[in-house]
There are 2 protein chains.
Amino acid sequence: MTGTAMDQATRPEAAIGKQARRSAEMRRRLCQAALDALCEVGYDSLTTPMIAARAGVSRGAQTHHFATKADMLVGVLEYLVQIWDEARLAAFGGKDLSDVPFDVYLRFAWREIFGKPSYIAALELMLAARVDKALGERLRQVLDSIVGDRNLRWRQLLRFPDVRREEQFQYMTLCLLRGMAIHASFNRGDDVNEAVLEAWIEIADKLIAMERPGAGAKSSRRARKPVPR
Amino acid sequence: MTGTAMDQATRPEAAIGKQARRSAEMRRRLCQAALDALCEVGYDSLTTPMIAARAGVSRGAQTHHFATKADMLVGVLEYLVQIWDEARLAAFGGKDLSDVPFDVYLRFAWREIFGKPSYIAALELMLAARVDKALGERLRQVLDSIVGDRNLRWRQLLRFPDVRREEQFQYMTLCLLRGMAIHASFNRGDDVNEAVLEAWIEIADKLIAMERPGAGAKSSRRARKPVPR
DNA sequence: AATAAAAAACAGACTGACCTGTTTTTATTT
DNA sequence: AAATAAAAACAGGTCAGTCTGTTTTTTATT
């Protein structure tokens with residue numbers, strides 16, 4: 001019906017016109033409401049009327065912007081990705097991550113992304129994608145669109161000579177963070193996650209030191225210039 | 001109404017009577033059907049009529065054994081835990097795990113438990129528990145009932161002098177496996193999990209060697225008697 | 001042991017509520 | 001005036017829980 005969700009949702013809201021701005025604002029409100037609802041009631045109980053009500057708009061307005069529920073869900077994930085981006089920019093700016101110690105970045109990732117309730121929403125979407133193949137394809141597309149940038153950031157962060165091992169390390173950390181998110185959700189009131197995070201940092205520091213070319217034991221915590229050149 | 005689910009589901013089906021056996025069989029069929037359905041259509045689309053239909057029983061029979069949907073879900077998790085137990089027994093018997101190398105156990109855990117589609121079902125239940133507090137309490141109770149045995153097994157497996165660090169290591173591995181399960185579900189057709197598993201084994205071996213008292217580099221892969229005594 | 005009473009297992013239908021997607025109407029912008 | 005945005009009502013379908021009735025098994029009684 002309308003253009004794809006991404007076209008409008010991610011388009012920088014420049015001076016395109018009044019209705020475009022109104023439209024973008026409405027989409028944002030709906031996505032925010034949907035995300036809140038998803039966090040609060042869970043994927044299973046999430047309904048389109050409820051999203052509209054929370055956004056304070058009619059169902060008609062909603063269906064105009066998001067024709068189907070799947071469209072709405074894709075919109076939510078795009079919105080989330082946007083939030084993550086903004087959080088990263090707020091923490092590190094657009095700067096090269098070569099100067100950021102691994103533990104600093106990891107703590108940021110847990111605190112601002114994986115440890116937040118909204119990440120559970122993302123997980124629920126991913127699990128829902130398992131059975132709804134069409135939705136899954138669209139969600140994967142959203143996440144794939146940032147995988148390139150993410151790899152680049154990790155490249156700056158770790159700078160393993162062996163890129164294959166670097167990727168392994170990256171995915172391992174990702175799996176760990178996701179697992180921690182689940183643990184935090186299910187066994188709440190449990191401080192084991194903090195300990196696990198610290199333990200992984202400890203291990204990671206050693207691993208990074210081992211993988212890097214001129215390795216000293218604590219090389220990862222004090223970063224130096226990106227490339228000696 | 002009837003006794004708790006566990007009483008009947010886990011009670012050894014000895015000569016208690018014809019009715020008890022029939023009941024246990026029916027519960028088993030329903031739980032198996034519910035698990036299958038959960039794996040196939042996902043938590044969101046799981047319905048009670050659909051479970052009954054798959055089990056080939058009437059809805060009346062179903063509601064007799066599981067009055068509410070939540071009862072049914074608790075039953076599924078109990079059933080799953082039972083399956084995991086059986087898989088472990090089939091692989092290692094009831095024997096002490098002190099002789100089992102870590103990598104063997106970890107590979108088993110991935111192959112027979114976390115890497116299976118049914119583990120996603122368990123994850124979906126855990127995520128559903130986030131919003132349904134009452135269900136969550138019951139599910140946690142089911143899983144808590146095995147946490148003692150699990151800790152014992154890991155104690156045999158790892159034998160860290162520092163139990164605190166051992167627990168850390170255990171939870172770290174658990175988080176990793178859960179994260180891998182999600183990755184396998186969402187990004188299927190991806191062999192990165194195997195690599196991550198191997199990488200973790202490699203790291204773990206070193207960690208185990210470091211934590212153990214008389215440590216040689218490869219001490220973890222060739223296990224020796226539980227306690228020198 | 002035989003029979004009557006009670007309890008448990010099973011079957012099928014019903015209901016009130018709610019959800020998704022669609023269609024029809026009204027308002028706002030260009 | 002034309003097109004887009006928003007509102008409101010509608011239609012078809014489904015689900016969870018409940019209820020009534022039937023069959024099978026167990027227990028109590030004589």
Side-chain angles (χ1 to χ4, degrees), chain A residues 1-3 5 7-9 11 13 15-30 33-34 37-38 41-75 128 132 134-135, chain B residues 1-5 7-9 11 13-31 33-34 37-38 41-76 128 132 134-135:
Chain A
M1 295 292 164
T2 74
D7 292 342
Q8 298 204 20
R11 176 164 50 178
E13 17 201 285
I16 317 173
K18 205 169 192 173
Q19 71 183 258
R21 207 159 6 212
R22 192 159 68 127
S23 184
E25 175 56 26
M26 180 61 92
R27 290 181 70 92
R28 182 173 202 83
R29 271 175 68 190
L30 281 166
L38 192 52
V41 307
Y43 184 88
D44 176 49
S45 304
L46 184 71
T47 69
T48 47
M50 155 185 209
I51 295 169
R54 275 169 178 259
V57 304
S58 72
R59 282 211 65 221
Q62 177 184 39
T63 58
H64 177 71
H65 290 285
F66 300 94
T68 74
K69 190 179 184 180
D71 289 337
M72 188 83 248
L73 295 173
V74 173
D132 190 336
L135 173 62
Chain B
M1 301 289 167
T2 76
T4 65
D7 291 341
Q8 299 205 16
R11 177 165 49 180
E13 15 201 288
I16 318 172
K18 204 169 192 173
Q19 191 171 131
R21 208 158 6 209
R22 193 158 66 129
S23 184
E25 173 57 28
M26 179 61 92
R27 289 179 71 92
R28 182 173 202 83
R29 270 174 68 188
L30 281 165
C31 287
L38 193 52
V41 308
Y43 183 88
D44 176 50
S45 304
L46 184 71
T47 70
T48 47
M50 154 187 214
I51 294 170
R54 276 170 179 256
V57 304
S58 72
R59 230 172 108 51
Q62 178 184 39
T63 57
H64 176 70
H65 289 283
F66 300 94
T68 73
K69 191 178 185 182
D71 290 337
M72 188 84 249
L73 295 174
V74 173
V76 168
D132 191 336
L135 175 62

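Throughout, a chain's letter reflects where its sequence line sits, starting with A, and its residues are numbered from 1. Treat the numbers as computed from the prediction; the structure is a model and nothing was measured.
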Mind checking [X] for me? I need base, sugar-phosphate or nothing, with any heavy atom below 4.0 Å counting as a touch.
{"X": "Arg22(B)", "value": "sugar-phosphate"}
{"X": "Thr63(B)", "value": "base"}
{"X": "Leu46(A)", "value": "sugar-phosphate"}
{"X": "Pro49(B)", "value": "sugar-phosphate"}

Measure from the side-chain heavy atoms of Met26(A) and tell me the nearest of dA16(D), dG21(C), dA6(D).
-> dA6(D)
Scan Leu38(A), Leu30(A), Val57(A) and name whichever one has a side-chain contact (heavy atoms from CB on, under 4.5 Å) with Ile51(A).
-> Leu30(A)
Under 3.5 Å on both distances, the Watson-Crick or G-U partner of dT30(D) = dA1(C)
Phosphate contact (dT20(C) OP1 or OP2) by Thr48(A) side-chain N/O below 4.0 Å = yes
Under 4.0 angstrom between Ser58(B) side-chain N/O and dC10(C) OP1 or OP2 | no
Between the side chain of Gln62(B) and the main-chain N/O of Thr48(B), is any donor-acceptor distance below 3.5 Å?
-> yes
Expressed in angstrom and rounded to an integer, what is the separation of [X] atom [atom1] from [N] atom [atom2]?
{"X": "Leu30(A)", "N": "dA5(D)", "atom1": "CG", "atom2": "P", "answer": "13 Å"}
{"X": "Arg59(B)", "N": "dA16(D)", "atom1": "CZ", "atom2": "P", "answer": "7 Å"}
{"X": "Asp44(B)", "N": "dT20(C)", "atom1": "CG", "atom2": "P", "answer": "9 Å"}
{"X": "Arg27(B)", "N": "dC10(C)", "atom1": "CZ", "atom2": "P", "answer": "11 Å"}
{"X": "His64(B)", "N": "dA9(C)", "atom1": "NE2", "atom2": "P", "answer": "3 Å"}
{"X": "Gln62(B)", "N": "dG12(C)", "atom1": "CD", "atom2": "P", "answer": "13 Å"}
{"X": "His65(B)", "N": "dC10(C)", "atom1": "NE2", "atom2": "P", "answer": "4 Å"}
{"X": "Glu25(A)", "N": "dA5(D)", "atom1": "CD", "atom2": "P", "answer": "14 Å"}

Is there a side-chain contact between Leu73(A) and Leu46(A) (heavy atoms, below 4.5 Å)?
-> yes
Where is the tightest heavy-atom contact between Phe66(B) and Gly75(B), given as atom of each residue plus distance?
-> CE2-CA, 4.2 Å
Taking all heavy atoms of Leu135(B) and all of Tyr43(B), pick out the closest pair and write down the distance.
-> CD2-OH, 4.0 Å
